Amino acid sequence: MIIIGSDHAGTTLKQNIISYLKSKNIEYMDINEDNKENDDYPDIAYMICKKVADSNNKGIAICGTGIGVSIACNKINKIRAANCFNTYMAKMCRAHNDANILCLGARVELDCNVNDIVEAFLNTEFEGGRHIRRLDKIKEIEKNNKGGI
Ligand code: RB5
């Protein structure tokens, strides 16, 4: 299941991606179907994270730049959110970082069609191997820095 949501800046892009998911029969949940004029990206990011952490779900979080949602999502343990502009980044964030949330910027010029980025994210598996050691180090950082450094 894909958990998707956007702030006000990303509503149109979200709807376009939802059309794409529907056309591919990919199951999704729109976390804020009732997009409002001033949806703050941290609220949307948090709602998506709650459905992604501790699950097999993946998320797509959208704001104007993709930066705000990625900063907010990455505050949550077990979330690895990646702001991607092209298919290479989308593939690599899955293959090497096991990213579970794709962040997108609706006001950013992407290097390709956004659906290609979504497809690369959804269709690339984590490679495991040496990357497990690195993800374990991120888990250690999460565990040891709850109250700040
Ligand atoms: C909203 O105006 C904008 O700040 C937000 O969508 C995002 O780009 C933040 O990072």
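Numbering of ligands and ligand atoms starts at 1, following listing order. From a predicted model like this one, the values you see are computed outputs, not experimental measurements.
Listed by chain and number, the residues in a salt bridge (Lys or Arg N to Asp or Glu O under 4.0 Å) with K36 are D34 (sequence neighbours excluded). In this structure K78 satisfies the side chain to side chain donor-acceptor pair (under 3.5 Å) test together with D54, sequence neighbours excluded. For T11, the side chain to side chain donor-acceptor pair (under 3.5 Å) partners at least two apart in sequence or on another chain are N35.
Not a single donor-acceptor pair under 3.5 Å links the side chain of N100 to the backbone N or O of N57. Side chain of D7 to backbone of A9: a donor-acceptor contact under 3.5 angstrom is found. With N32 contributing its side chain and G5 its backbone, the two residues share no donor-acceptor pair below 3.5 Å.
For ligand 1, the protein residues placed under 4.0 Å by at least one non-hydrogen atom are D7, H8, A9, Y41, C63, G64, T65, G68, R107.
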